[in-house]
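Values below: every heavy atom of this structure, side chains too, minus hydrogens, waters and symmetry copies. Keep in mind that what you see is a predicted model, and the values were worked out from it rather than measured.
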Amino acid sequence: MILNLLGQVDTLIQEINNNPEITDRSNIISLTSNEIADILLKITKEIRKDFSVDVLLENIVNILCNAGIAERVLLFQVKREPQRALLTHYCENGYVPNFNPLGFQLDLLDAPMFKLFDLSKKRNLQVEDMSKYIKLPNYLFRNKFKALFIKLKSRSILLNAGSNERITAALSLQFSTKCVIWSNEVEKLIQSVVDQV
């Protein structure tokens, strides 16, 4: 039984390090080049305005939420010392279960499996179906992470992270009503947004 569990864990870890495979059941979230250009133009206009960082991040999260590429958009600001990620900006569409986790804090050293916020390099992570990871033992997928994903009823996640001198951030797109795969264009768009911030 222990060997069987270890085999399942190895398979899950291997899967999360690879891009999701497109199957007949996959819902693919994609944008046309005009839609991508429109989103980037709106975000560039916001960046050029003389807003505080907090207002700028709020506006960017709202733009992405209203673009139809996610049911929820979460932005974590990361403090390197101590290694903590604080959920500072959040937006959700009106038809998903209402839960506002602003202020939710994660201890980044408490994530031995996912290393979601390892920002030593640019990073993205995509999970088409989160349910199989929720069942993992706590030493691999800690209670705090489980609590966030369970409360948000997360099904699919796209997470991009980046940093510069002023801010270290991780931007997460989520669906709770269906399992989805985001196209490469959407991944690049989100990475571009994180880099511009």
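Distance check, rounded to the nearest 0.5 Å: CG of L75 to OG of S172 gives 9.5 Å. How far OG of S154 is from CG of L173: 11.5 Å, rounded to the nearest 0.5 Å. For the atom pair CZ of R155 and CE of M130, the computed distance is 12.0 Å after rounding to the nearest 0.5 Å. Between atom CG of residue L31 and atom NZ of residue K188 there is a gap of 13.0 Å, rounded to the nearest 0.5 Å. Between atom OH of residue Y90 and atom CZ of residue F104 there is a gap of 12.0 Å, rounded to the nearest 0.5 Å. For the atom pair CG of L64 and SG of C91, the computed distance is 9.0 Å after rounding to the nearest 0.5 Å.
Partners of D38 by side chain to side chain contact (heavy atoms under 4.5 Å, CB included), not counting sequence neighbours, listed by chain and number: K42. Checked against side chain to side chain contact (heavy atoms under 4.5 Å, CB included), S176 has the following partners two or more places apart in sequence or in another chain: E71, R72, V96, P97, K153. Listed by chain and number, the residues in a side chain to side chain donor-acceptor pair (under 3.5 Å) with N62 amount to none (sequence neighbours excluded).
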Pair up each side-chain donor or acceptor in residues 52-61 with any protein partner under 3.5 Å, not counting sequence neighbours, and list the distances.
unit_1 : atom_1 : unit_2 : atom_2 : d
S52    : OG     : V55    : N      : 3.3
D54    : OD1    : H89    : NE2    : 2.9
N59    : ND2    : E46    : OE1    : 2.9

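Nearest heavy atom pair, residue P101 against residue L87, reads CG-CD2, 3.3 Å. A pairwise comparison of heavy atoms in I39 and A67 identifies CD1-CB, 3.6 Å as the closest pair. Summarising the geometry of C179 relative to N27, their closest heavy-atom pair is O-ND2, 2.9 Å, with the distance given to 0.1 Å. Of all heavy-atom pairs between A70 and N93, the closest is O-ND2, 3.0 Å. A pairwise comparison of heavy atoms in Q126 and V180 identifies OE1-O, 4.5 Å as the closest pair.
Residue pairs meeting the ring-ring contact (aromatic ring centres under 6.0 Å, His included) criterion with at least one partner in residues 54-73, sequence neighbours excluded, are absent. The stretch residues 30-65 participates, sequence neighbours left out, in no ring-ring contact (aromatic ring centres under 6.0 Å, His included) pair at all. Listed by first then second residue, pairs satisfying salt bridge (Lys or Arg N to Asp or Glu O under 4.0 Å) with a partner in residues 177-186 number zero, not counting sequence neighbours. Residue pairs meeting the ring-ring contact (aromatic ring centres under 6.0 Å, His included) criterion with at least one member in residues 169-197, sequence neighbours excluded, are F175-W182.
Proximity of a side-chain donor or acceptor of E187 to a complementary backbone N or O of N160 within less than 3.5 Å is not detected.
Grouping the Ile, Leu, Val, Met, Phe, Trp and Tyr side chains by contacts below 4.5 angstrom, directly or via other members, places I134 with L159. When hydrophobic clusters are built by joining Ile, Leu, Val, Met, Phe, Trp and Tyr residues whose side-chain heavy atoms come closer than 4.5 Å, directly or via intermediates, I150 is grouped together with F76.
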- Show your reasoning for whether side chain to side chain donor-acceptor pair (under 3.5 Å) applies to T32 and N34. CA-CA 5 Å; T32 66; N34 285 344; 5.3 Å; no
- Intermediate values then yes/no, side chain to side chain contact (heavy atoms under 4.5 Å, CB included), I190 and I69: CA-CA 10 Å; I190 300 305; I69 53 176; 4.1 Å; yes
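The shortest distance between side-chain heavy atoms of I29 and S183 does not fall below 4.5 Å.
Considering L152, T88, L171 as possible partners of L74, the one that fulfils the side chain to side chain contact (heavy atoms under 4.5 Å, CB included) test is L152.
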